[in-house]
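Order of the sequence lines fixes the chain letters, A, B, ..., with proteins taken first and strands second; residue numbering starts at 1 for each chain. These figures come from a predicted structure and were not determined experimentally.
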2 protein chains.
Amino acid sequence: MTPMPLHQPPGAERAAPRTPRGRRAPRPSGDDRQLAILATAERLLEGRQFHTISIDELARGAGISRPTFYFYFASKEAVLLALLDRVAEEAGRAAGEALLGLAEDPPARWRGALAAFYDIFRAHRAVVLAVVEAGASAGGAEVRGLWASVLGGWIAHTARAIEAERERGAAPPGPPAHELAAALNSMNERVFYSSFADDGLVPRGTDVVEVTLHVWLTAIYGTAGS
Amino acid sequence: MTPMPLHQPPGAERAAPRTPRGRRAPRPSGDDRQLAILATAERLLEGRQFHTISIDELARGAGISRPTFYFYFASKEAVLLALLDRVAEEAGRAAGEALLGLAEDPPARWRGALAAFYDIFRAHRAVVLAVVEAGASAGGAEVRGLWASVLGGWIAHTARAIEAERERGAAPPGPPAHELAAALNSMNERVFYSSFADDGLVPRGTDVVEVTLHVWLTAIYGTAGS
DNA sequence: CGAGAACATCGACACGCTGTCGACAACGGG
DNA sequence: CCCGTTGTCGACAGCGTGTCGATGTTCTCG
């Protein structure tokens, strides 16, 4: 038991909905605790850095003791991984949809995709900030890995779109599409991040979507297009 | 002498060069130790992550005990700060020179500036990787701050260059120069970093200077320019 | 040249956090 | 009604950090 691929340990796919009727259960069930930990983490993350949150706080916040925390998650990072899963899936889907029918109105579609990313990440910026922070340090290998695969997937998607634009003659030849896609996405990751972290690199009040969009359009089409 | 604002505590600005003649000093002097710590840090950083290096190792590597380490530096991060100071100054100077006479041959000058950054950071990639890692976690506030001011300085420099190009009519109007400069520099920071970290985002073998240069030129001038 | 100041060094301790072990409570089915 | 699964926690061992106080070393100046 406890095969636990990575994050999301046991109790994650426990079977039946043991009778929630009648007076409330004397002891909250495992699933509740699992969710309570996740909720506590997201709540604490709103106002503090990931590394300042101890496992004990997460546990206490969910009404359990520290050792018990380990029954649900293997580490603090595992909790973050679970949180990231949701956000990544949401963002990927939204941005993917935005690019459908690119040929009809490129500037508008690209803007839609960038905006989708921005909006969703912004809505969960506490998680995004924590992922970057955790990924860069200690037990962050897995966090970094998941993040890299998410971003990598989106880069591949972008690369295909660029190639399609070139093939239909809408965009001129240029650097290898995949490399260009990696550079552009890297820019957005960093700029959006700076914007959320408010670290002073991007001038306050900057419309980061518009600025990055300008760069994307000129880099892909050679003109500001509009 | 060695004004050194924050990190680099006491013993940093000791006066005279007490006679090094005669038989070798029984005890290495403070400055030697200071340097020994820096050297040890750079050496260890070549093969390991910043967070896996303990203060004890740094101390032992310099031939002193852990408590004594604190006589020279306030923390692990302070050591990194000292290392970063050097690299940042070197890179800033080199890239600044590369941009002189921009009007004569824009593409070549910009390429020179980006290449200067790339080369110098690459030569000290262990330090760069450590800075990003340390900046994102624990006592990284100061590291992050120094890094931000370095990058911020370069962004301002870039912004002025873009404005000059627009004024002399070489570049068309576009997004606010400072915002554009921030986005472009953010891209380079991230792409160069990925390249050094070999995290799989940027395809192996990519000529990151050429790719990012393409983006810079099209974003600033509206064409790939050659 | 000899004493005190400044420099340098380290043993030992107090902490805070992580991860694990073993014991034990609660509950649902045979 | 007994037992295995699910949950829970006290207590311990380990590791790294930062500090304090005692002590050795070197410089300076009267």
Side-chain angles (χ1 to χ4, degrees), chain A residues 1-2 4 9-20 22-37 44 48-80 134 137-140, chain B residues 7-37 44 48-80 134 137-140:
Chain A
M1 299 299 97
T2 50
M4 228 170 274
E13 58 312 68
R14 224 158 12 302
R18 72 200 91 14
T19 151
R23 74 204 73 177
R24 73 176 176 312
R27 228 196 336 190
S29 76
D31 292 330
D32 296 331
R33 255 68 207 268
Q34 182 111 13
L35 269 334
I37 293 175
L44 293 182
R48 329 223 316 251
Q49 303 253 97
F50 183 69
H51 71 264
T52 68
I53 298 172
S54 73
I55 287 181
D56 193 63
E57 286 181 283
L58 252 22
R60 294 300 168 197
I64 55 179
S65 70
R66 203 166 57 76
T68 300
F69 166 92
Y70 288 98
F71 182 82
Y72 294 101
F73 292 95
S75 64
K76 255 198 318 189
E77 285 72 23
V79 176
L80 194 52
S137 59
Chain B
H7 33 302
Q8 291 291 35
E13 60 310 70
R14 223 149 26 293
R18 74 200 90 13
T19 150
R21 60 173 57 264
R23 72 203 72 177
R24 72 176 176 316
R27 216 182 3 175
S29 76
D31 291 332
D32 295 333
R33 254 68 207 267
Q34 182 110 10
L35 270 332
I37 294 174
L44 293 182
R48 330 223 315 251
Q49 301 255 98
F50 183 69
H51 71 265
T52 68
I53 297 173
S54 74
I55 287 181
D56 194 63
E57 286 181 283
L58 252 24
R60 294 301 168 196
I64 55 179
S65 71
R66 201 167 59 78
T68 300
F69 166 92
Y70 288 99
F71 182 82
Y72 295 101
F73 293 94
S75 66
K76 255 197 320 187
E77 284 73 25
V79 176
L80 193 52
S137 59

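- Nucleotide D:dG16 holds its P atom 21 Å from the CZ atom of B:Phe73, rounded to whole Å.
- Atom pair B:Leu58:CG and D:dG18:P shows a separation of 12 Å (rounding to whole Å applied).
- Proximity note for B:Arg33 (side chain, C-beta onward) versus C:dT9, D:dG18, C:dT18: the nearest is C:dT9.
- Across the protein-nucleic acid pair, B:Tyr70 atom OH and C:dG11 atom P stand 15 Å apart, rounded to whole Å.
- Contact annotation: B:Thr68 does not reach the phosphate of C:dT9 (side-chain N/O to OP1 or OP2, under 4.0 Å).
- Taking each heavy atom of A:Ala59 and A:Phe69 in turn, the nearest pair found is CB-CB, 4.1 Å.
- We find that CZ of A:Phe71 is positioned 15 Å from C1' of C:dT20, with the value rounded to whole Å.
- Comparing C:dT9, C:dC10, D:dC9 by their closest approach to the side chain of B:Pro67 singles out C:dC10.
- Atom pair A:Ile55:CD1 and C:dT20:C1' shows a separation of 12 Å (rounding to whole Å applied).
- Counting any heavy atom pair closer than 4.0 Å across all strands shown, B:Ser54 reaches sugar-phosphate atoms only and no base atom.
- Between A:Glu57 and A:Thr52, the shortest heavy-atom distance links the atoms OE1-O, 3.4 Å.
- Of the listed nucleotides (C:dT18, C:dA8, D:dT6), C:dA8 has the atom at the smallest distance from the side chain of B:Tyr72.
- Residues A:Phe71 and A:Ile64 fail the side-chain proximity criterion, which asks for heavy atoms closer than 4.5 Å.
- The CD1 atom of B:Ile55 lies 3.0 Å from the OH atom of B:Tyr70; values are rounded to the nearest 0.5 Å.
- In this structure, CZ of A:Phe69 is placed 17 Å from P of D:dG10, rounded to the nearest angstrom.
- One interatomic measurement links the two molecules: NE2 of A:His51 to P of C:dC17, which rounds to 12 Å at whole-angstrom precision.
- Within 3.5 Å, no donor on the side chain of B:Arg66 pairs with an acceptor on the base of D:dG16, nor the reverse.
- The CG atom of B:Leu58 lies 8.0 Å from the NZ atom of B:Lys76; values are rounded to the nearest 0.5 Å.
- Note: CD (B:Gln34) to P (C:dT9) measures 11 Å, nearest angstrom.
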